[in-house]
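Throughout, residue positions are numbered sequentially from 1 according to the sequence presented. In each ligand, atom 1 is the first atom listed, and ligand 1 is the first ligand listed.
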Amino acid sequence: MSNLVEVINLSKSYGSLVAVHELSFSVKEGEIVGLVGPNGAGKTTTLRALAGIHPPTSGQIRICGHDLREDSVAAKRELAFMPDEPRLFDYLTVEEHLQFIARIYQVEGASERAEPLLRELELSDKRKALPGELSRGMKQKLMIACGFLHSPRVLIFDEPLTGLDPLGIRKMKASISQRAAAGAAVILSSHLLHLVEELCDVILVIKGGTRVAFGSVAELKWQIARGSGEVSLEDAFLRITSDSEETQRRDP
Ligand code: ATP
């Protein structure tokens, strides 16, 4: 399976603060990578760089083979970024958001695509509502519906499950898994480790902007337990992020 996302030596500084340092990893077609790390680890910074919102200070990002810096339109066409705070247009209704996004991305058959998306994200009866009339979880679902509309091959989510009710979490997990099963590469950040464990094939742990672990849940747990019995992902996370050196490597 091919790599749809390739990140090579990504660094991002804000003035003198190095938020991400020499980070490398890749995400294959059909793979779901969970990006985890303590507060301030550099997760949002990494995701914004991947989405082309914050250009990196150095390093290279390739989306479906397109260099994000050199060939940004082609790269951005292949991705959708769903930030942690829903950003919507105050004066567009739910269905007008989808129509607007369809126009920007030149989506063919947009209304046929919008209907099942509205049903999938339980927004059908809110189609005429403005963002101010939606709950927080509904706004999040609308933003995700907008992200799914052009069928991107790379999905980037910052905390997609926070703010959703239990049924919403279950459905969102199913929506994400279905898209990965259909071949999308997914990268998502979350502090909800049990959900990361259920959803993700690979976990990337960062701390202080640096990669400290990258592997399957089983690999991370094995690395920490070293044959001394079962550990939870939470135990593994706490142990990994309290050590400074990388404990689990995987080639980018
Ligand atoms: P959290 O889990 O708390 O959301 P995070 O892992 O997403 O954290 P980032 O938001 O990427 O972390 O922040 C990484 C570092 O970069 C932090 O030290 C933060 O203060 C700093 N930072 C983030 N955005 C900016 C900015 N726009 N200007 C200056 N510093 C920033």
Which atom pairs, donor and acceptor, lie under 3.5 Å between side-chain atoms of residues 151-162 and protein residues at least two apart or in another chain?
unit_1, atom_1, unit_2, atom_2, d
Ser151, OG, Arg113, NH1, 2.6
Asp158, OD1, Ser189, OG, 2.6
Asp158, OD2, Thr44, OG1, 2.9
Glu159, OE1, Thr162, OG1, 2.8
Glu159, OE2, His191, N, 3.4

(Q) Tell me the nearest of Asp84, Ile206, Thr44 to atom 7 (O) of ligand 1, using heavy-atom distances. (A)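 The residue whose heavy atom sits nearest atom 7 (O) of ligand 1 is Thr44.
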
Q. Taking the minimum heavy-atom distance to atom 3 (O) of ligand 1, which of Val36, Asn39, Leu35 ranks first?
A.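 Nearest option to atom 3 (O) of ligand 1, by heavy atoms: Asn39.
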
With a 4.5 Å cut-off on side-chain heavy atoms, are [Y] and [X] touching?
| X | Y | value |
| --- | --- | --- |
| Ile203 | Phe214 | no |
| Leu188 | Leu35 | no |
| Val18 | His21 | yes |

Report the nearest protein non-hydrogen atom to [atom]: residue, atom name, distance rounded to 0.1 Å.
| atom | answer |
| --- | --- |
| atom 14 (C) of ligand 1 | Gly40 O, 3.4 Å |
| atom 2 (O) of ligand 1 | Lys43 NZ, 2.7 Å |
| atom 9 (P) of ligand 1 | Thr45 OG1, 3.6 Å |
| atom 27 (N) of ligand 1 | Tyr14 CE2, 3.7 Å |

(Q) Any carboxylate oxygen within less than 4.0 angstrom of a Lys/Arg side-chain nitrogen, looking at Glu85 and Lys139? (A)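 So Glu85 does not pair with Lys139 through a salt bridge.
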
Please check whether [X] reaches ligand 1 - meaning an N/O of the residue sits under 3.5 Å from an N/O of the ligand, judged on distance alone.
| X | result |
| --- | --- |
| Gly37 | no |
| His54 | no |
| Ala41 | yes |

Q.
Just to be sure I read this right, does ligand 1 sit under 4.0 Å from the backbone of Leu17, its side chain, both, or neither, counting only heavy atoms?
A.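 The part of Leu17 near ligand 1 is the side chain, not the backbone.
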
Q. Is atom CZ of Arg170 surrounded by more than 12 heavy atoms (other residues, nucleotides or ligands) closer than 6.0 Å?
A.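 For Arg170, atom CZ is not crowded (no more than 12 foreign heavy atoms under 6.0 Å).
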
Q.
More than 12 heavy atoms of other residues, nucleotides or ligands under 6.0 Å from OH of Tyr14: yes or no?
A.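 Enclosed.
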
(Q) Give the atom numbers and elements of ligand 1 that come within less than 4.0 Å of a heavy atom of Ala19. (A)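 That gives atoms 15 (C), 16 (O) of ligand 1.
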
Q: With heavy atoms of His191 as the reference, note each atom of ligand 1 found under 4.0 Å away.
A: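 Selected atoms, number and element: 2 (O).
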
Q: Give the cluster check for Met82 versus Val107: same hydrophobic cluster or not, with ILVMFWY residues linked at side-chain heavy-atom distances below 4.5 Å.
A: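 Yes, because Met82 and Val107 connect within a single hydrophobic cluster, where side-chain heavy atoms sit under 4.5 Å apart.
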
Q | Cation-pi, Tyr105 ring and Arg77 (6.0 angstrom, 45 degrees) | A |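 Not satisfied by the 6.0 Å and 45° rule.
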
**Q.** Protein non-hydrogen atom found under 4.0 Å from atom 5 (P) of ligand 1
**A.**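 At least one protein heavy atom is under 4.0 Å away.
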
